[in-house]
Amino acid sequence: VKTNKKLDDDFYEELEEILIQADVGVETSLELVENIRKSARKNKITDSEKVMDLIKEETARILGVYDTSLRVETDEKPAVILVVGVNGAGKTTSIAKLAYRFKQENKKVLLAAGDTFRAAAIDQLQIWADRVGVELIKHQEGADPGAVVFDAINAAKARKADILIIDTAGRLQNKTNLMKEISKVRNIIEREIPSAPHEVLLVIDATTGQNAVSQAKIFKEATGVTGIILTKLDGTAKGGIVLSIAKELNIPVKLVGIGEGMEDLRTFDPVLFAEALLE
Amino acid sequence: GLTDRLQDIFRKLRGKGKITEEDVKVAMREVRLALLEADVNFKVVKDFINRVKDRAVGQEVLQSLTPGQQIIKIVYDEMTELMGGKESKLNLGSKTPSVIMAVGLQGAGKTTTVAKLAKTLVKQGRRPLLVACDVYRPAAIKQLQVLGEQIGVPVFSMGQNNPVDIARASLHHAKSNNRDIVILDTAGRLHINEELMEELKNIKEAVNPDEILLVVDAMTGQDAVNVAEAFNNDLGLTGVILTKLDGDTRGGAALSVKAVTGCPIKYVGMGEKLDALEVFHPDRMASRILG
Ligand SMILES: Nc1nc2c(ncn2[C@@H]2O[C@H](COP(=O)(O)OP(=O)(O)OP(=O)(O)O)[C@@H](O)[C@H]2O)c(=O)[nH]1
Ligand SMILES: Nc1nc2c(ncn2[C@@H]2O[C@H](COP(=O)(O)OP(=O)(O)OP(=O)(O)O)[C@@H](O)[C@H]2O)c(=O)[nH]1
Ligand SMILES: [Mg+2]
Ligand SMILES: [Mg+2]
């Protein structure tokens, strides 16, 4: 924490360093510091602590212009949440956490085992479904994910579920065939419920570096992305990549994962996030 | 990429005799930018730039290269050397069974990677035994069993028991079932979770592994140094496996991890299939990071 420091080149360089080491990325870090520097000059600010406050406010502002609520009060039921992201990001675990949260709000939740590929993926989600106390629609391993989704939507309608959350297989965004597959899944959802999916949540691991921007960009193109779940913020990674994602792609962080249990989900708080980013 | 950027910068400097300090300063700004964009850790970049500066200033400009090309060559050679210089092998020691332990953060790719390693070892005529030491993650044991079945490698499991006991028991099981390599899959964990890091130390003490491999996701950002340093300080790593290199990340975490631990990167994961494990090539990684 910088107190009573002279506002010289060294100070601003150190500020850039903090941001870069938080995975904010070089371009965004330089831009942010340059804007703060100008603002400090313009407002004749000489106190370094005040400059730190300025940058925290600006960071929180960039991240806080969005609505973090999930669109689950829909006219057409069920509200459909599609969960996507690269391998190992925390999709399946985040779905368990979401299901738990909605169940606490007395919503009727149904899950869909859309990962029909990875070893024991369906088993993993079934264990979570049982722990949370919600139903899971699944087919056998190797089945067509589109068929599972179609089946799940019809089951959700028949059972009058409030919310359907769809798990999908992890995929790297440069795998064109896999991105085509997930676009197809999105189209199936839209065909069955025209206003759906109501949320497409991209799960991003907080330890990810600049590749997260490419993930967000390509998933946005393939399925649309309404929000980010930033996972593993309980580690030492700061997750600064969400700043570039907000600026370049206008995608908001809606939720953060802070652990491996079903209660370890929090609504994104831009002010707290900015504080942690700049400490 | 970086090569083109440096070519542009140095186009006007053609025909000079030596690489001057100013040439290097200008070039290093571009290299620094390229490395940071590739996720190499900030402090690692600083050290690397200083090493390259020392090597580059005052160098004779070779007949066949432009100053820009020459600086690139120095950067590339320095990075290749830093990353181990040449390919590294598994050191499986002399006692039987040999023991390999895979550790790392949640979701890095440990379970998939140990299965790939087992498959590779089978191809080399070995008889590995996979061991399910992740007793926490839902269906982790089942995941390893399914993978083991796919490659015809037995999986030792004691269900949800103490991982240290499971590891110890697996050695006895290997001996009595003529398996010559034991590969332990451990649960993903944070390097700052003292209890879970203690568990790893206890496993290490119980079975004295020949290889302790840190499994790292290639798209990891600046945090890679914190993770690698902590695991290395607590356990003494013998190697690293970088996963998901079939993605489009530049993979700067590779340089960060190698720089901060000195541990050789031995393999890279190049896909989800169990044959997608390749030997790590430092020169190829250098080109990839430099873009
Ligand atoms: N510490 C921590 N671990 C998490 C968090 N979210 C998920 N994990 C862990 O990350 C690992 C991967 O989680 P999964 O839910 O299987 O990830 P996934 O995206 O579904 O993975 P694939 O389906 O294989 O692509 C598991 O060990 C989880 O327990 C989090 O917020 N904090
Ligand atoms: N594309 C690609 N995917 C990989 C690679 N290695 C692992 N994966 C995938 O990454 C995800 C996580 O792999 P796991 O083996 O479950 O990771 P883990 O480290 O055991 O996870 P935890 O036990 O929860 O800590 C799965 O979807 C794997 O298929 C790789 O080299 N390339
Ligand atoms: Mg999953
Ligand atoms: Mg695992």
Side-chain angles (χ1 to χ4, degrees), chain A residues 16-27 29-30 86-93 96 117-128 130-131 141 169-175 178 205-212 214-215 218 231-232 234-241 257 259-260, chain B residues 32-34 36-43 45-46 105-112 115 136-150 187-193 216-227 230 243-244 246-253 271-272 274:
Chain A
E16 283 167 11
E17 224 178 284
I18 293 177
L19 291 172
I20 292 173
Q21 297 202 74
D23 285 316
V24 173
V26 182
E27 197 179 309
S29 300
L30 295 180
V86 301
N87 307 70
K91 298 176 291 301
T92 305
T93 309
F117 168 74
R118 206 209 68 211
I122 299 171
D123 299 79
Q124 182 187 9
L125 190 56
Q126 183 65 70
I127 292 174
W128 277 120
D130 295 342
R131 280 188 192 175
E141 205 169 288
R171 69 204 66 226
L172 299 182
Q173 70 277 19
N174 57 318
K175 309 266 165 126
L178 296 181
D205 187 328
T207 66
T208 313
Q210 297 312 301
N211 193 255
S214 157
Q215 290 174 22
I218 297 177
T231 61
K232 308 177 201 174
D234 45 320
T236 52
K238 299 282 176 96
I241 32 105
E260 302 189 67
Chain B
R32 177 175 174 274
L33 190 62
L36 287 175
E37 286 174 348
D39 289 323
V40 180
N41 179 268
F42 190 91
K43 297 201 168 77
V45 172
K46 237 183 192 157
L105 294 182
Q106 291 90 345
K110 296 174 293 301
T111 305
T112 310
Y136 309 106
R137 170 173 155 154
I141 297 174
K142 177 105 199 279
Q143 184 184 5
L144 192 61
Q145 286 170 334
V146 170
L147 295 179
E149 205 159 308
Q150 285 177 11
R189 69 205 61 217
L190 296 178
H191 50 298
I192 53 174
N193 185 321
V216 178
D217 191 324
M219 63 182 99
T220 309
Q222 298 287 309
D223 199 46
V225 291
N226 301 327
V227 177
T243 62
K244 308 176 203 173
D246 47 318
D248 61 11
T249 185
R250 298 255 293 278
E272 292 194 74
L274 297 182

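In what follows, every heavy atom counts, from backbone to side chain, and hydrogens, waters and symmetry copies are set aside. Proteins come first, then strands; the chains are lettered A, B, ... in the order of their sequence lines, and each starts at number 1.
In this structure, no portion of B/L144 lies under 4.5 Å from any heavy atom of chain A. Looking at B/N41, the atoms closer than 4.5 Å to chain A (heavy atoms on both sides) all sit in the side chain, from C-beta outward. With a 4.5 angstrom heavy-atom cutoff, A/E260 touches chain B only via side-chain atoms. In this structure, the portion of B/K46 lying under 4.5 Å from any heavy atom of chain A is its side chain and not its backbone. Contacts between B/E272 and chain A at a heavy-atom distance below 4.5 Å involve the side chain alone, from C-beta outward. With a 4.5 Å cut-off on non-hydrogen atoms, A/S214 touches chain B through its side chain but not through its backbone. Using a 4.5 Å cut-off between heavy atoms, B/R137 contacts chain A through its side chain alone, with no backbone atom that close. Only the side chain of A/Q173 comes within less than 4.5 Å of a heavy atom in chain B; its backbone stays farther off. Heavy atoms closer than 4.5 Å to chain B are found in the side chain of A/K175, but not in its backbone.
Of all heavy-atom pairs between A/I127 and B/P138, the closest is CG2-CB, 3.8 Å. Between B/L147 and A/A119, the shortest heavy-atom distance links the atoms CD2-CB, 3.8 Å. The heavy-atom pair separating A/A120 from B/A139 by the smallest distance is CB-O, 3.8 Å.
Of the listed residues (B/E37, B/Q143, B/Q150), the greatest number of heavy-atom pairs within a distance under 4.5 Å of chain A belongs to B/Q143. Between chain A and the residues B/K244, B/H191, B/Q222, the largest count of heavy-atom pairs under 4.5 Å involves B/Q222. Between chain A and the residues B/Q106, B/R250, B/Q145, the most heavy-atom pairs under 4.5 angstrom are made by B/Q106. Ranked by heavy-atom pairs under 4.5 Å with chain A, the first of B/G221, B/A230, B/G188 is B/G221.
Scanning for side chain to side chain contact (heavy atoms under 4.5 Å, CB included) contacts around A/K91 gives A/V83, A/D167, A/T168, A/V203, with sequence neighbours left out.
A donor-acceptor contact shorter than 3.5 Å links the side chain of B/D39 to the backbone of A/Q210. Under a 3.5 Å cut-off, the side chain of B/K142 and the backbone N or O of A/D123 do not form any donor-acceptor pair.
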Point to revise | Residues A/Q21, B/K43; criterion side chain to side chain contact (heavy atoms under 4.5 Å, CB included); working and verdict | key: CA-CA 9 Å; A/Q21 297 202 74; B/K43 297 201 168 77; 3.7 Å; yes
For this session: Assess whether side chain to side chain contact (heavy atoms under 4.5 Å, CB included) is satisfied between B/D248 and A/L172, documenting all intermediate values.
Result: CA-CA 8 Å; B/D248 61 11; A/L172 299 182; over 6 Å; no
Please assess B/M219 against A/T207 for the test side chain to side chain contact (heavy atoms under 4.5 Å, CB included), listing each intermediate value before the final yes or no. CA-CA 8 Å; B/M219 63 182 99; A/T207 66; over 6 Å; no
* Derivation of the side chain to side chain contact (heavy atoms under 4.5 Å, CB included) call for A/V26 and B/R32 -> CA-CA 10 Å; A/V26 182; B/R32 177 175 174 274; 5.7 Å; no
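Separation of atoms CG (A/D205) and CG (B/L105) is listed at 8.0 Å; rounding is to 0.5 Å. Taking CG of B/L36 as the reference point, atom CD1 of A/I20 lies at 5.5 Å (rounded to 0.5 Å). Atoms CG and CG, on A/N211 and B/D217 in that order, are 9.0 Å from each other to the nearest 0.5 Å.
The number of heavy-atom neighbours closer than 6.0 Å to CD of A/E27, taken from other residues, nucleotides and ligands shown, is 12 or below. For B/E149, the CD atom sits in a loose shell: 12 or fewer heavy atoms of surrounding residues, nucleotides or ligands are nearer than 6.0 Å.
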